Amino acid sequence: MLGRLNHVAIAVPDLEAASAIYRDTLGADVSAPQVLPEHGVTVVFVNVANTKIELLEPFGESSPIASFLEKNPSGGMHHLCYEVDDILAARDRLTAAGARVLGDGEPKTGAHGKPVLFLHPKDFTGTLVELEQA
Ligand code: CO
């Protein structure tokens, strides 16, 4: 069921500063910022050879990463995103096994224009897991 690691997401308090660290200090290829109002974040992708790093900054009043940043003011690893071939089949298999899907359980469109779902961190060794239909 589990495909490749699509990205590792890091929540950051200052997207501009975080982008500069990756672009200037680490010499990485960093995308332009993209606002995702439906997800309450502004996102930048850092392209590395075998995956991507997603830098997330809160957007709007009720950003889902606001409380994470309250607990981790300098930022921190927020979620892992794995690719799946069929997101609805993956969801049904995981919920049948007792895993909890966040939100209303229906896929939303993610930063790559593809359907995504988030799985409860308590069901996955303390790590928030995103599934993206590849
Ligand atoms: Co993500």
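The structure displayed is predicted, hence computed values, not measured ones. Counting starts at 1 for both ligands and their atoms, following the listed order.
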Chemist: How many degrees, to 10°, between Glu54 OE1 and His79 NE2 as seen from the Co ion (ligand 1)?
Modeler: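 It is 80°, given to the nearest 10°.
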
Chemist: Only one of Arg4, Lys114, Gln133 passes side-chain hydrogen bond (donor to acceptor under 3.5 Å, both in side chains) with Glu83; say which it is.
Modeler: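 Passing option: Arg4.
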
Chemist: Please find out if the Co ion (ligand 1) and some N, O or S atom of Cys81 are separated by less than 2.8 Å.
Modeler: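 Within the cut-off used here (under 2.8 Å), Cys81 places no N, O or S atom near the Co ion (ligand 1).
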
Chemist: Under a 3.5 Å cutoff, is there a donor and acceptor pairing between the side chains of His7 and Glu130?
Modeler: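 Per modelled atom types, His7 and Glu130 side chains form a pair under 3.5 Å.
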
Chemist: How are the rings of Phe45 and His112 set to each other: parallel, tilted or perpendicular (split at 30° and 60°)?
Modeler: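 Phe45 vs His112 ring planes: tilted.
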
Chemist: Count the heavy atoms of every other residue, nucleotide or ligand shown that sit under 6.0 Å from OH of Tyr82, and state whether that count exceeds 12.
Modeler: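 No.
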
Chemist: Please confirm if an N, O or S atom belonging to Glu130, backbone or side chain, lies less than 2.8 Å from the Co ion (ligand 1).
Modeler: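 Yes, since at least one N, O or S atom of Glu130 sits under 2.8 Å from the Co ion (ligand 1).
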
